[in-house]
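Heads up, the thing below is written out as structure tokens.
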Amino acid sequence: MLLLDKLRAIVGPAHVLTDVEVSPYAIEGRAPEAAVRPGTIDEVAAVVAHAAEAGVPVVPWGGGSAIGMGLPPARAGIVLVLTRLAALVEHEPGDLTATAQAGISLAALQSQLRGRGQWLSLDPADADRATLGGVLAANASGPRRHLYGTARDLLIGVTVITADGAIVRGGGKVVKNVAGYDLPKLFIGSFGTLGVIVEATVKLRPVPDAERLVAVSFERFDDAAVALRALLGGDLIPNAVELVDAASAAALGLPPAAATVVVGFDGLADQVDWQVAELASVVVPCGGAKPMAVSTATWERLASAAHEAVGAPAAIMTLSVLPAAVAETMQRGADAARGRGFVSAWCAHAGVGHVTAALSAASARPEPAAIATVLEAWRASARAGGGHASVTWAPLPVKTALPVWDDAGVAGRLMQRIKTQLDPNNVLNPGRFVAGI
């Protein structure tokens with residue numbers, strides 16, 4: 001109770017939730033001891049410092065859109081809810097940079113930036129819920145990463161709260177900031193295990209004059225693979241190259257086909273028109289149908305197409321493979337699921353080798369061991385394709401039946417050493433990330 005009293009004094013009694021009030025912040029069915037909603041960076045620092053002093057773990061929480069990733073916490077401790085830190089602090093259109101607090105949703109940030117003709121070239125799924133800090137912590141991205149990269153490519157400055165409650169700033173507010181180590185990138189994709197991101201400065205781009213999304217249907221997966229190789233090895237400059245199977249295509253409202261390649265272009269209107277026309281000359285000789293225009297609303301659904309296709313999934317896995325192995329990995333994975341009595345849906349950022357698979361079972365309550373067997377087969381397929389695989393979401397019994405994260409090898413041991421240096425008492429999101437970090 002002493003710790004809770006201190007936290008109430010810091011953020012105000014209304015912003016310290018306990019008992020039944022914390023139910024929205026349960027992780028893997030485990031309710032935290034409290035959910036704390038600080039309103040300033042100084043308050044975040046004070047909360048973390050007091051929690052660390054009391055030996056209570058802290059789980060950073062943005063919009064909660066990715067909270068199901070990772071291992072379940074041994075002790076939920078305090079959930080640190082950052083949604084009150086939701087301001088666009090500074091926008092410099094002339095410098096193409098913006099500084100925003102971590103709790104602002106991606107949708108709200110993009111809306112404010114687009115009002116001045118610019119945007120942040122990140123398009124993860126669930127942008128209405130996903131926060132800037134959460135997207136950075138998970139290194140989340142979407143279809144447009146094909147051309148514009150991920151959060152690591154866009155971050156130029158960051159403010160984090162360390163495990164002992166110190167406020168640390170790294171990087172700067174200008175693009176040409178090249179002095180010293182690029183420490184801000186250390187926190188990208190760290191899932192809140194090294195520090196709590198509370199503010200970030202990012203690079204922006206002008207809103208393109210035109211943008212177009214088109215779909216190309218294929219009767220055979222192998223033909224889609226050939227077309228992808230031709231497209232990726234050609235002169236066109238798409239901003240997105242997606243591959244979806246029949247189930248995901250149906251969920252997106254696309255024509256029935258064994259495989260569908262979805263391609264995006266942006267830029268000047270004449271350039272976009274030319275690239276769309278030129279795309280037909282690339283894909284049709286490979287067995288593809290004539291490119292068909294797709295609604296712009298489909299952009300937001302591409303990354304979650306596989307999830308949509310199965311409704312209530314038994315598990316979701318993310319596989320990273322070489323781009324040349326994407327189609328084969330999807331086919332092998334679908335065969336592995338089918339051979340064990342499951343159905344699956346697949347979608348991929350094909351140009352970068354990022355594949356998402358959703359598993360569904362005919363029975364209402366499939367055995368966790370059976371689900372884990374399919375996931376292990378998918379992981380083996382990813383490794384055969386030169387990559388790795390992680391369980392994005394699964395029920396707790398499934399997570400206890402197989403490793404959630406793939407073996408990180410030497411990199412995992414290095415990450416453990418970094419964690420020990422930055423969070424020696426294991427306060428921040430302990431035990432939920434790669435290598436037990």
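In this text the structure is predicted, and so the values were computed from the model without any measurement.
Considering every non-hydrogen atom in both A315 and A394, the closest pair reads CB-CB, 4.1 Å. Taking both residues in full, the closest heavy atoms of D123 and P143 are given as OD2-CD, 3.2 Å, listed atom of the first, atom of the second, then distance. The shortest heavy-atom contact between E28 and P73 is CG-CD, 4.5 Å. Considering every non-hydrogen atom in both L17 and A14, the closest pair reads CD2-O, 3.8 Å. Taking both residues in full, the closest heavy atoms of L155 and G157 are given as CD1-O, 3.2 Å, listed atom of the first, atom of the second, then distance. Contact between P395 and A314 at its shortest, heavy atoms only, is CD-O, 3.2 Å.
Taking CG of L4 as the start and CD of E33 as the end, the distance is 8.0 Å to the nearest 0.5 Å. Note that CD1 of I104 is 12.0 Å distant from OG1 of T83, once rounded to the nearest 0.5 Å. Between the CD atom of Q101 and the CD1 atom of I41 there is a distance of 6.0 Å, given to the nearest 0.5 Å. Expressed to the nearest 0.5 Å, how far CG of L136 lies from CG of L154 amounts to 9.0 Å. Atom CG of L414 sits about 6.5 Å away from atom CZ of R417, to the nearest 0.5 Å. In this structure, the separation between CD1 on I237 and CZ on F265 is 9.5 Å, given to the nearest 0.5 Å.
No donor-acceptor pair under 3.5 Å is formed between the side chain of Q416 and the backbone N or O of I437. Of the possible polar contacts, one joining the R340 side chain to the A336 backbone as a donor-acceptor pair under 3.5 Å is found. Under the 3.5 Å distance criterion, the side-chain polar atoms of R30 are left unmatched by any main-chain donor or acceptor of A76. No donor-acceptor pair closer than 3.5 Å links the side chain of R84 to the backbone N or O of G103. The main-chain N or O of R152 is found under 3.5 Å from a side-chain atom of K185 such that the two form a donor-acceptor pair. Looking at D407, its side chain does come within 3.5 Å of a backbone N or O of G409 through a donor-acceptor pair. Between the side chain of D126 and the backbone N or O of S65, no donor-acceptor pair lies under 3.5 Å. Judged purely by atom type and a 3.5 angstrom limit, T40 uses its side chain to pair as donor or acceptor with the backbone of E43. With Q110 contributing its side chain and L122 its backbone, the two residues share a donor-acceptor pair below 3.5 Å. The closest donor-acceptor contact from the side chain of R129 to the backbone of G64 lies under 3.5 Å.
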Between L422 and L186, does a side chain to side chain contact (heavy atoms under 4.5 Å, CB included) hold up when you go through it step by step?
CA-CA 11 Å; L422 296 183; L186 185 64; 3.9 Å; yes
Can you list the steps and then say if D335 with R332 is a salt bridge (charged side-chain N to carboxylate O under 4.0 Å, His left out)?
CA-CA 5 Å; D335 289 343; R332 283 184 179 177; over 6 Å; no
Take I78 and L3, measure what side chain to side chain contact (heavy atoms under 4.5 Å, CB included) needs, and give me the verdict at the end.
CA-CA 11 Å; I78 292 173; L3 174 60; 3.8 Å; yes
Please lay out, stage by stage, how D153 and R145 fare under the test salt bridge (charged side-chain N to carboxylate O under 4.0 Å, His left out).
CA-CA 10 Å; D153 305 297; R145 68 178 286 180; over 6 Å; no
Would T356 and T392 satisfy side chain to side chain contact (heavy atoms under 4.5 Å, CB included), going step by step from the backbone distance to the final call?
CA-CA 9 Å; T356 299; T392 309; 5.9 Å; no
In sequence, state the C-alpha distance, the side-chain angles, and the governing distance for H91 and L204, and then conclude on side chain to side chain contact (heavy atoms under 4.5 Å, CB included).
CA-CA 10 Å; H91 179 200; L204 307 177; 3.4 Å; yes
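The list of side chain to side chain donor-acceptor pair (under 3.5 Å) pairs with a residue in residues 154-172, not counting sequence neighbours, reads T162-D164.
No donor-acceptor contact under 3.5 angstrom links the side chains of T97 and T201, judged on distance only.
Each of R212, H146, E211 was scored for a side chain to side chain donor-acceptor pair (under 3.5 Å) with N239, with one residue passing: E211.
Counting only heavy atoms from C-beta outward, the side chains of L359 and V310 never approach each other to under 4.5 Å. At a threshold of 4.5 Å between non-hydrogen side-chain atoms, the residues V321 and V326 count as touching. At a threshold of 4.5 Å between non-hydrogen side-chain atoms, the residues L96 and K203 do not count as touching. Annotation: side chain of V79 is not in contact with side chain of V22 (no heavy-atom distance under 4.5 Å). Two residues are said to be in side-chain contact when any heavy atoms from C-beta on lie closer than 4.5 Å; R432 and F191 fail this criterion. Considering only heavy atoms from C-beta on, L82 stays 4.5 Å or farther from T131 through its side chain. Within the 4.5 Å cutoff, the side chain of C347 has no heavy atoms near those of the L302 side chain. For the pair R383/H388, no side-chain contact is recorded, criterion being any heavy-atom separation below 4.5 Å from C-beta on.
The side chain to side chain donor-acceptor pair (under 3.5 Å) test applied to N429 returns no partner, not counting sequence neighbours.
More than 12 heavy atoms of other residues, nucleotides or ligands lie within 6.0 Å of CD in E21, so this atom counts as buried by the packing criterion. Annotation: E367, atom CD; neighbour count of heavy atoms from other residues, nucleotides and ligands within 6.0 Å does not exceed 12.
Here the two rings, on F221 and W346, have centers that are 6.0 Å apart or farther.
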Return all side-chain donor-acceptor pairs below 3.5 angstrom for residues 370-381, not counting sequence neighbours, or 'none' if the list is empty.
{"unit_1": "T373", "atom_1": "OG1", "unit_2": "A369", "atom_2": "O", "d": "2.9"}
{"unit_1": "W378", "atom_1": "NE1", "unit_2": "G333", "atom_2": "O", "d": "2.8"}
{"unit_1": "R379", "atom_1": "NE", "unit_2": "A389", "atom_2": "O", "d": "3.1"}
{"unit_1": "R379", "atom_1": "NH1", "unit_2": "P403", "atom_2": "O", "d": "2.9"}
{"unit_1": "R379", "atom_1": "NH2", "unit_2": "A389", "atom_2": "O", "d": "2.9"}
{"unit_1": "R379", "atom_1": "NH2", "unit_2": "P403", "atom_2": "O", "d": "3.1"}
{"unit_1": "R379", "atom_1": "NH2", "unit_2": "V404", "atom_2": "O", "d": "3.1"}

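Classification of the W61-Y25 ring pair by plane angle, with boundaries at 30° and 60°, yields perpendicular.
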